[in-house]
Amino acid sequence: MTSTTPQPFPGGTILGYPRIGRHRQLKRALEAHWRGTLDDAAFHSAAAANRLEDLERLRSLGLRADDASIPVEAAHYDHVLDATLTFGAVPPRLRGRLPEGLAGEWLLARGDADDAPLEMTKWLDSNYHYLVPELDAESMFALADRRIVDRFIEARQAGVHGRPVVVGPATYLALAKATGIRPIDLADRLVPAYRALAEALAEAGATWVQLDEPALIADLDSASLEELQAVARAGAEAVRAAGLSVLLHVGHGDAAGRVEPLADAVDALAVDLVRGAAPDTAATPLIAGVVHGRNVWRTDLDAALEQLQELATRGPVSVATSTGLLHVPHDLGAEGSLPPRLRSWLAFADQKVQEVVVLAAALAGTVDEAAFGAARSAVLDRAAAPGVRDGSVRQRLASLPADARERAAYAQRAPVQQEALGLSPLPTTTIGSFPQTSEIRAARARHARGELGAAEYRDTLRAEVRRVIELQEELGLDVLVHGEPERNDMVQYFAEHFEGFAATQHGWVQSYGSRATRPSILWGDVSRAAAFTVEWIAYAQSLTDRVVKGMLTGPVTILAWSFVRDDQPLGETADQVALALADEIADLEAAGIRIVQVDEPALRELLPLRREARPDYLDWSVRAFRLATAGARPETQIHTHLCYSEFNTVVDAIDGLDADVTSIEAARSGMEVVGALVDHGFGRGIGPGVYDIHSPRVPAAEELDRLLRTATEGIPDGLLWVNPDCGLKTRGYDETVASLRGLVQAARRAREALARV
């Protein structure tokens, strides 16, 4: 089949939509299926109902149902995993024995007692986690699963002629890992599978396919960029050869200079114009991403329309979001508790769809004066509202002393801390949170509804802290945590105690699989009125003779996992948060806490995709962390934690944080981080995780021993800590206890082995 003349692209579209469900229906269906209370058929029915509800919602918001305006997607767990299953990219270690259907999908996503899941890492510079494909020289591809075709048919039967969305071949290979071969060298095998998928979609009646190729945005040398461009071109040409039109979506950054060589191979280009410039591709219809797909601030419709009209003088233009809307909540209309003034400044996914529709109509000549007037008023009101600028906060920052970000040298601090703490080699600890039981969640909900008094709620939380301390003592952990039962979320809890933030009730955003977070909204200048973690940490410390860590979330992570104001540089906002945290550290020290952990799991996440933008980011992010921690006394040991951070790409910055101990994800990657540590000569305490908490499996003793052996071969025992990859909030107690018991025993065996050397 040969390429046909493409239909004109619709006037307005979005490039993806949240898939967890307006009421987290997909999350609940996934977890019920994993518990065994929902069979395969019932799960598929629930997932389909969720997809169809979303399609109807998009139609009701004004997207046309008959011209491929509506994207058709909705992975069960992860869109990259969908591509892996669609093209039959079975990991070599599971080749020939991957179960069919949902059992195989969950094995790749979650693992089991015998097999680890696929590695998980951050999607570009977002907080979404994707499952990394595993390939080798024997990997072959074919149309092995028709889920993408079936979802198009499902939508069409519901009256929506949609646009199937697929991760493009260049991005799929760029994000994969392979042994014995470069992933990109498998392109000639992978591209024909895209042709097969396109032929199946064409047979089903599809007219457009959206190929997502954000890897083209990444920092690449000219040779690597040309390779990726060649693969992206081959994928697009394969789809067009099946008779379909191709929308190439290159979001998450500046596509200018990256997509021009591909313009003649596709039928429309969707680019992010919030974070980049328009490419010079006048002959190819431009899908202009002028509505921000990753924040919640209302679009300045006047400015957006002016930009669109200027672009329209160069060639055909349609309106779109800058990225898919996976990264924002569903509907602002569900947030009845937000202050009305703040609500007027915001737009969630549904409101962004409406903005696209309004802008598309205005570009075509029909201006909705009410919508434009409301947007205009919101922009002006936000700039002038009380609290957006706080003179006392700004004066404090302006008057910081020159040494506000400097501690005594690590070589001076380390012996003082060792004398104060008296820890054995390879000390064991956890990252902070312990499982949040249904009882704790129910008590929090009852307290929020006014059904449980403050005193009774406090007693409930204290009982859980006592339980967690006793459990850790029984397990034999060296440095304890209080378990964080009082915290609903590691960022929201801080947002609720800082000025300048607001929390949502239903603003859920998918993090991975069934896991979702509720990012808070950072709308104004940040300060702290009073200590809020000290009560819980000090109470935990009163229950034990062992050291209990104070647990704080770092300034970069608070920004990364919130929707942050866009009216000033991020570095200024980070410094405001840092000063609030510095006040909390001082109060923890005054209460006798000797270790304080300031978590920065998002440090790598915000790293710009382009190398030229990284020095500025790393400068302000490191400076903010140091502003938060530099006031700590030399004998106070400062820890930090990073997860899914690809340590080797930011090792210099992590060194610059000047934390005394850094814990980091390492289990799924098989301790890859150790090589980067050795090469860098990292000389502070380090805890590469040996227990992957993002899976329900309990690691075997042999697995823990192997990981620790790799760690001890590269890291001096005086610097090495033993800990899980991340916090334990999402896990159950049975698996947690078994895993931590194994971790402690593995540390003991490793100490004994070191003593024999």
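Residues E73 and R19 are not paired through a salt bridge, judged by the lack of any N-O separation under 4.0 Å between the basic side chain and the carboxylate. By the 4.0 Å N-to-carboxylate-O rule, R151 lies close enough to D82 to be salt-bridged with it. A salt bridge links E31 with K27; the closest basic N to acidic carboxylate O contact falls under 4.0 Å. The existence of a salt bridge linking D54 and R59 is excluded, since no basic side-chain nitrogen approaches an acidic carboxylate oxygen closer than 4.0 Å. Looking at E105 and R147, a side-chain N of the basic residue comes within less than 4.0 Å of a carboxylate O on the acidic one, giving a salt bridge. Under a 4.0 Å N-O distance rule, the pair D112/R697 does not qualify as a salt bridge.
Heavy-atom neighbours of Q505 CD from other residues, nucleotides or ligands within 6.0 Å: above the threshold of 12.
Side-chain N/O atoms of Q351 and R298 include no donor and acceptor closer than 3.5 Å. Donor-acceptor pairing under 3.5 Å is recorded for the side chains of D350 and Y17. For the 3.5 Å distance criterion, the side chains of E335 and H506 fail to qualify, holding no donor opposite an acceptor. In this model, no donor atom of one side chain and acceptor atom of the other lie less than 3.5 Å apart for Q510 and R515. A side-chain N or O of D40 and one of H33 form a donor-acceptor pair less than 3.5 Å apart. Between the side chains of T299 and H292, no donor-acceptor pair is found at a separation under 3.5 Å. Side-chain atoms of H252 and R294 form a donor-acceptor pair, as typed in the model, at a separation below 3.5 Å. Side-chain polar atoms of S514 and Y77 form no donor-acceptor pair below 3.5 angstrom. Counting only N and O atoms by type, the side chains of H249 and D212 include a donor and acceptor under 3.5 Å apart.
Closest non-hydrogen pair, L63 versus S69, comes out as CD1-O, 4.3 Å. Counting all heavy atoms, side chain and backbone alike, T321 lies closest to L325 at CG2-CD2, 3.8 Å. For I148 against P164, the heavy-atom pair with the smallest separation is CG2-CB, 4.1 Å. The two residues A204 and R156 come nearest to each other via the heavy atoms O-NH1, 3.1 Å. Nearest heavy-atom pair, E735 versus P696, reported as atom, atom and distance to 0.1 Å: OE2-CA, 3.3 Å. Closest heavy-atom contact between A202 and A242: CB-O, 3.6 Å.
A side-chain donor-acceptor contact under 3.5 Å links R189 to the backbone of S139. Here the side chain of E213 pairs a donor or acceptor atom with the backbone of T171 at under 3.5 angstrom. Side chain of S520 to backbone of S562: no donor-acceptor contact under 3.5 angstrom is found. Remark: the backbone N or O of V564 is paired with a side-chain donor or acceptor of W297 at under 3.5 angstrom. Remark: the backbone N or O of A320 is not paired with any side-chain donor or acceptor of T13 at under 3.5 angstrom. Within the 3.5 Å criterion, the main-chain N or O of G251 finds no donor-acceptor partner in the side chain of T323. Side-chain atoms of Y130 come within 3.5 Å of backbone atoms of L175 as a donor-acceptor pair (strictly under, hydrogens ignored).
Screening K177, H129, R668 for a side-chain hydrogen bond (donor to acceptor under 3.5 Å, both in side chains) involving E119 leaves a single residue, K177. Tested against V166, the residues T86, V239, L197 include a single side-chain contact (heavy atoms from CB on, under 4.5 Å) partner, L197.
Taking the six-membered ring for Trp and the full ring otherwise, F87 and Y194 have centroids separated by under 6.0 Å.
The CG atom of L143 sits 8.0 Å away from the CG atom of D145 when rounded to the nearest 0.5 Å. Distance NZ/K122 to OG/S511: 7.0 Å, rounded to 0.5 Å. Atom CG of D692 and atom NE2 of H694 lie 7.0 Å apart (nearest 0.5 Å). Taking CG of N488 as the start and CD1 of I440 as the end, the distance is 12.5 Å to the nearest 0.5 Å. Annotation: the span from M140 atom CE to L135 atom CG amounts to 12.0 Å, rounded to 0.5 Å. Atom CG of L332 is separated from atom OG of S344 by 9.5 Å, given to the nearest 0.5 angstrom.
Counting heavy atoms from C-beta on, the side chains of V271 and L273 come closer than 4.5 Å. P192 is not listed as a side-chain neighbour of F141, based on a closest heavy-atom distance of 4.5 Å or more. Contact annotation: the side chain of F501 never approaches that of I521 to less than 4.5 Å [non-hydrogen atoms, C-beta and beyond]. V328 places none of its side-chain heavy atoms less than 4.5 Å from the side chain of F348. Side-chain contact check for T284 versus D267: every heavy-atom pair is 4.5 Å or farther apart. Side-chain contact between W561 and M490: present, with at least one pair of heavy atoms (C-beta onward) separated by less than 4.5 Å. Counting only heavy atoms from C-beta outward, the side chains of E134 and L118 approach each other to under 4.5 Å. The shortest side-chain heavy-atom distance between R57 and V353 does not fall under the 4.5 Å cut-off.
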Audit row: R275, D125, salt bridge (Lys or Arg N to Asp or Glu O under 4.0 Å) steps and yes/no: CA-CA 12 Å; R275 302 173 68 190; D125 57 350; 2.6 Å; yes
Side chain to side chain contact (heavy atoms under 4.5 Å, CB included) evaluation trace for L247 with V209: CA-CA 6 Å; L247 167 60; V209 167; over 6 Å; no
Residue pair V90, T84: steps toward the side chain to side chain contact (heavy atoms under 4.5 Å, CB included) verdict: CA-CA 7 Å; V90 178; T84 292; over 6 Å; no
Trace of the side chain to side chain contact (heavy atoms under 4.5 Å, CB included) decision for S126 with E605: CA-CA 6 Å; S126 78; E605 174 184 316; 5.6 Å; no
Full working for side chain to side chain contact (heavy atoms under 4.5 Å, CB included) between V290 and L359: CA-CA 9 Å; V290 296; L359 284 168; 4.0 Å; yes
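Residues meeting the ring pair (Phe, Tyr, Trp, His ring centres under 6.0 Å) test with H79, sequence neighbours left out: W123, Y128.
Taking the ring centre of W208 as origin, the terminal cationic atom of R163 falls outside the region bounded by 6.0 Å and 45° from the ring axis.
Between W106 and W34, the ring-plane angle classifies as perpendicular under the 30° and 60° cut-offs.
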